[in-house]
Amino acid sequence: MARVEIKIGGFGGQGVILSGYIVGRAASIYDNKHSTMIQAFGPEARGSACSAQVIVSAEPIAYPYIVSPEIMIVMSQEAYTKFTPELASGGVLITEEELVQPHNLRKDVKHFSIPATRFAEELGKKLVVNIVMMGFLTAVTNVVGKKAMGQAVLASVPKGTEELNVKAFEKGYEYGVEVMAGGVPA
Amino acid sequence: MKADPKGVLTGSHFLDGDHSCSEGAIAAGCRFVAGYPITPSTEVVERIASRFPYVGGMFIQMEDEIASSIAIQGAVWGGKKAMTVTSGPGFSLMMEHIGLAAMTETPCVFVDVQRAGPSTGLPTQPAQGDMMQARWGSHGDYGIIALSPNSPQECFDLTIKAFNLSEQYRVPVMFMMDECVGHMTERVVIPPADQIEIVPRKFYEGPKADYLPYKTNGDLVPMMVKAGDGYNIHVTGLTHDERGYPSMTVPTQEKLIPRLVNKIKHNAPKIVEYVEDQVDGAEVVVVTFGITSRTSIPAIEQARKEGMKVGHLRLVVVWPFPEERIRELASRVRAFVVPELNLGQMVLEVERCVAGKARVELVGHPGGTVHNPKDIYNVIKKSAKG
């Protein structure tokens, strides 16, 4: 597997950084790959724009920053506007369906969307929106195996919340499988 | 001696460089940290503060960096292994006490997670602009050791090495990270405690009446005792005799200061550490350290693909500088290329050792981000053509 660059953008409080951490942890600890995560450091607080950059590769990673991401998850309109021009041609764009209006959607990328916040709310806690997104990412891309992602989610969430997070992960994954099978218009 | 298992989080972790440095310090036996948190080094002390209660350590958030850099030295004379953690602006404030640690031969570790300067500069962006300051920042003549990690794994491994070297030679050791390595998260494998080698402090155990704190036995490094154990000790920044008492005379100065310099200079062949890749037979050698070692790799690989003979020499220990090796290579290679996240610091050492026998090209960068590998590639290409 060649170097795959992933960018996750949203606003502070959505678990953007934790999402990047989970993908990297899944790849490097549970999937026998290499991974480097860089956080966009700024005076980020809840509600302002933030992003995580993750590289996953079968080979050791030299250059640590992403150059042209092949996979992008955007969870806010601001992140959509700001980041989507960086997405590589032929790349995968995943958007939060109810938070992002894909204006002037690029024709050269594969677009998937999921109402992850609504699903999280239906499960009882909006906070697990990022974990729903992780399930969806796992289903629509093959960047990290499902088992590894599941293990990384379990290892990364607070004690006592495992059951809720596993449900959130499964919900996102199942929706992704459905979308891939053509059951849901993307 | 092996590490105390109580402080060792054996296993595979997904950690950033700052947190990994903290784990390395704890594994090395560090049980006292004083610091004044500053970006991008804050996560080091955050983790220390949360982990120390479980391993019997003490963390103090001090009023400033000057106080931090002296508090650790008090702890060391009380028998602890200690470090302080900062970034450029704080490192500048610590210079006086780095000199004191060198003069009093107090083993301790100074972590500098470098950000772009000068002054407050760019708090959340990387640079490697403190490399000369690490070596020469305090006044007078002295020797120190500096290491430069390029990954979170090395932040763990080399922090242990930093403590070991500080104990072995009784010098302050500078741990020269940068924002990119500090805030980069990767897999870090922490081995079992019984696979981690720890250099214990050399304590004097002879008769109390005979102890002379600054008397050496041939190896240039005197033995310590713990303050409060009943030995007569005196620790001062003034020029001192074997008893540690001020003796402000030329003969005392002539005896003490060359020893402070020579304990590093004479042991340099044992201390230097570098990693070479295809250096033998190379026409161009790229000399790197820390994060530039990683941003140079795509450039080196591209040049090799195009048939250029490019070697890579990465400094792991930056100070003392591997003078002998660079001199040896200078007579065989066409050029040295030195990328660094500053406008020309370690390149001066390369130039000094090359002494005109080959071309030396700096790929400077004022910091704020890392090099674009293309910029390094262009200089390699130009140098390969001669």
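The figures here come from the full heavy-atom set of this structure, side chains too, leaving out hydrogens, waters and symmetry mates. A, B, ... follow the sequence lines: proteins, then strands. Residue 1 opens every chain.
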Are A:P64 and B:T295 side-chain neighbours, meaning at least one heavy-atom pair lies under 4.5 Å? yes
Please rank A:A27, A:G20, A:S28 by heavy-atom pairs under 4.5 Å with chain B and give me the top one. A:S28
Looking only at heavy atoms and a cut-off of under 4.5 Å, which of A:S156, A:S35, A:P60 has the most pairs with chain B? A:S35
Going from CD1 on A:I29 to CG on B:L15, what distance comes out if it is rounded to the nearest 0.5 angstrom? 8.5 Å
Would you say that more than 12 heavy atoms from the other residues, nucleotides or ligands in this model lie under 6.0 Å from the CG of A:D108, or not? yes
Given that the side chain runs from C-beta out, which part of B:V189 has a heavy atom under 4.5 Å from chain A: side chain, backbone, both or neither? neither
What's the shortest heavy-atom distance between A:Y21 and B:F14, and which atoms? OH-O, 3.0 Å
Please report the interatomic distance CD(A:Q53) to CE(B:M184), rounded to the nearest 0.5 Å. 10.5 Å
Do other residues, nucleotides or ligands put more than 12 heavy atoms under 6.0 Å from A:F119 CZ? yes
Measure the CZ-CZ distance between A:R25 and B:R187 for me, rounded to the nearest 0.5 Å. 13.0 Å
Could you list the residues that satisfy ring pair (Phe, Tyr, Trp, His ring centres under 6.0 Å) with B:H365, not counting sequence neighbours? B:H371
Closest approach of B:R294 to A:A62 (non-hydrogen atoms, all atoms of both residues): NE-O, 3.0 Å
Rounded to the nearest 0.5 Å, what separation is found between the CD atom of A:Q39 and the NE2 atom of B:H183? 7.0 Å
Got a sec: does the NZ of A:K146 have more than 12 other heavy atoms crowding it under 6.0 Å? yes
Could you tell me whether the side chain of B:V370 reaches within less than 4.5 Å of the side chain of A:Y63, counting heavy atoms only? yes
Could you check which of B:S296, B:S12, B:G11 has the highest count of heavy-atom pairs closer than 4.5 Å to chain A? B:S12
Minimum heavy-atom separation for B:C180 to A:I38, with atom names? SG-CD1, 4.2 Å
